[in-house]
Amino acid sequence: MQILVLGAAAGGGLPQWNCGCPNCNDARTGKIPSMTQSSVAVSLDGSSWVVLNASPDIRMQLAANPQMHPPALRGTPISAVVLTNGDIDHIAGLLTIREKTAFDLYATQPGLEIVESNSVFRVLDTALVQRRQIDLDTPFEPLPGLTITPFAVPGKVALFLEGETVNVEELGDQTVGLMLEGAGHRAAYIPGCATVPDWLLDHLDGVDLLLFDGTVWNNDEMAQTGTGQKTGARMGHISMNGEHGSLARFAQFEARKIYIHINNTNPILQPEAPERAEVLARGWEIAADGMEITL
Ligand code: MLT
Ligand code: MN
Ligand code: ZN
């Protein structure tokens, strides 16, 4: 199984258009690598690919990675796109891949509802782009030999669907992880997750690879960096640090572990940061655009 990181950043990317924080400024000057928004591609044969989440940066991502280039005068190696939730960083790229080339679009009911109810997505010709509903704990096979099973993880509805009150740890089909199985290997892709309960650790037991929500280091990181008031928890993202953070929760977890969906405020993006050293010392890798993983 081949996994290609198209975009390692959380919503906004690195640099984010309106952010003058040290990380974003360092990305602008090339001191640290820029990152595009949250997406990975998966293949078994290196020629047909499934893209997990369609980022607003997908045009750049497809240009930057030769595996994603058209195999003919018109066409794409992308057979399918699968959505894990309805946030802008995971769906806006659908509008970019609208030029009359066929692929299947897989999403749970809330994701498909967003696509159906917003008329702008009608640019994806339904004769070419088949909408296929996927259901929790029900495997589907977007490529021959590649099985994907969506499972609920604690999370919230898309930002633009939030009402007066928001359950940030809702367990339903609005936020899913994807279990990828093929060629004798299993990988889990979870770019958004609010908490790591024991049952989730059990569910992930035995995977070869975990790609997991690395949005923030500290829950109150946006306030600390002066970039905003929202906590990681309020955004539906567990922090790495802290007693109930992902570093602690996955401390005994045996698998290759890679943080992905990393926010531009996260101190691990700085090469010399103690937070980065700690993450690496605790056995995690940090995703970067263009990273290739073979299982
Ligand atoms: C998130 O992961 O919290 C979202 O990307 C927020 C957004 O849609 O901007
Ligand atoms: Mn996001
Ligand atoms: Zn920034």
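Atoms within each ligand, like the ligands themselves, are counted from 1 in listed order. Everything numeric in this text was worked out from a predicted model, so none of it was measured.
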Exercise answer: donor-acceptor pairs, residues 136-153 side-chain atoms, under 3.5 Å, sequence neighbours excluded:
residue : atom : partner : partner atom : Å
Thr138  : OG1  : Leu136  : O            : 3.1
Glu141  : OE2  : Gly145  : N            : 2.8

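Exactly one of Val51, Leu62, Thr76 qualifies for a side chain to side chain contact (heavy atoms under 4.5 Å, CB included) with Ile97. That residue is Leu62.
Looking at His90 against ligand 1, nothing comes within 4.0 Å, counting heavy atoms.
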Open item on the list: Checking Thr231 against Glu221 for the side-chain contact (heavy atoms from CB on, under 4.5 Å) test, could you report, in this order, the C-alpha distance in whole Å, the side-chain angles of both residues, the deciding distance, and whether it holds?
Closed with: CA-CA 7 Å; Thr231 60; Glu221 177 175 301; over 6 Å; no
TODO: May I have the step-by-step check of side-chain hydrogen bond (donor to acceptor under 3.5 Å, both in side chains) for Asn218 and Asn241, ending in yes or no?
DONE: CA-CA 6 Å; Asn218 271 331; Asn241 193 24; 2.9 Å; yes
- [ ] Might you work through the side-chain hydrogen bond (donor to acceptor under 3.5 Å, both in side chains) test for Asp26 and Gln270, ending with a clear yes or no?
- [x] CA-CA 9 Å; Asp26 284 349; Gln270 287 291 341; 2.8 Å; yes
Task: Worked verdict on His261 versus Asp89 for side-chain hydrogen bond (donor to acceptor under 3.5 Å, both in side chains) - done: CA-CA 10 Å; His261 191 280; Asp89 57 345; 3.1 Å; yes
- [ ] Take Asp57 and Gln61 through the test side-chain hydrogen bond (donor to acceptor under 3.5 Å, both in side chains) and record every step on the way to the result.
- [x] CA-CA 6 Å; Asp57 301 319; Gln61 294 168 342; 4.8 Å; no
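Contact annotation: the side chain of Leu4 approaches that of Asn65 to within less than 4.5 Å [non-hydrogen atoms, C-beta and beyond].
Per-residue contacts place His261 under 4.0 angstrom from the following atoms of ligand 1 (heavy atoms of the residue considered): 2 (O). Against a heavy-atom cut-off of under 4.0 Å, Ile88 is close to the following atoms of ligand 1: 8 (O).
Under the 30°/60° scheme for interplanar angles, the aromatic rings of Phe212 and Phe250 are found to stand perpendicular.
Nearest protein heavy-atom neighbour of atom 7 (C) of ligand 1: Leu159 CD2, 4.0 Å. For atom 4 (C) of ligand 1, the closest heavy atom belonging to the protein is Asp87 OD2, 3.3 Å.
Distance CG/Leu83 to OG1/Thr175: 12.0 Å, rounded to 0.5 Å.
Looking at residues two or more places apart in sequence or on another chain, you find no ring-ring contact (aromatic ring centres under 6.0 Å, His included) involving Phe121.
Nearest residue to atom 1 (C) of ligand 1 from His237, Gln37, Lys230 is His237 (criterion: closest heavy atom).
By the 4.0 Å N-to-carboxylate-O rule, Lys100 lies close enough to Asp125 to be salt-bridged with it.
Of all protein atoms, those that are N, O or S and lie under 2.8 Å from the Zn ion (ligand 3) total 3.
The Mn ion (ligand 2) has Asp89 OD2, His261 NE2 as protein N, O or S atoms under 2.8 Å away.
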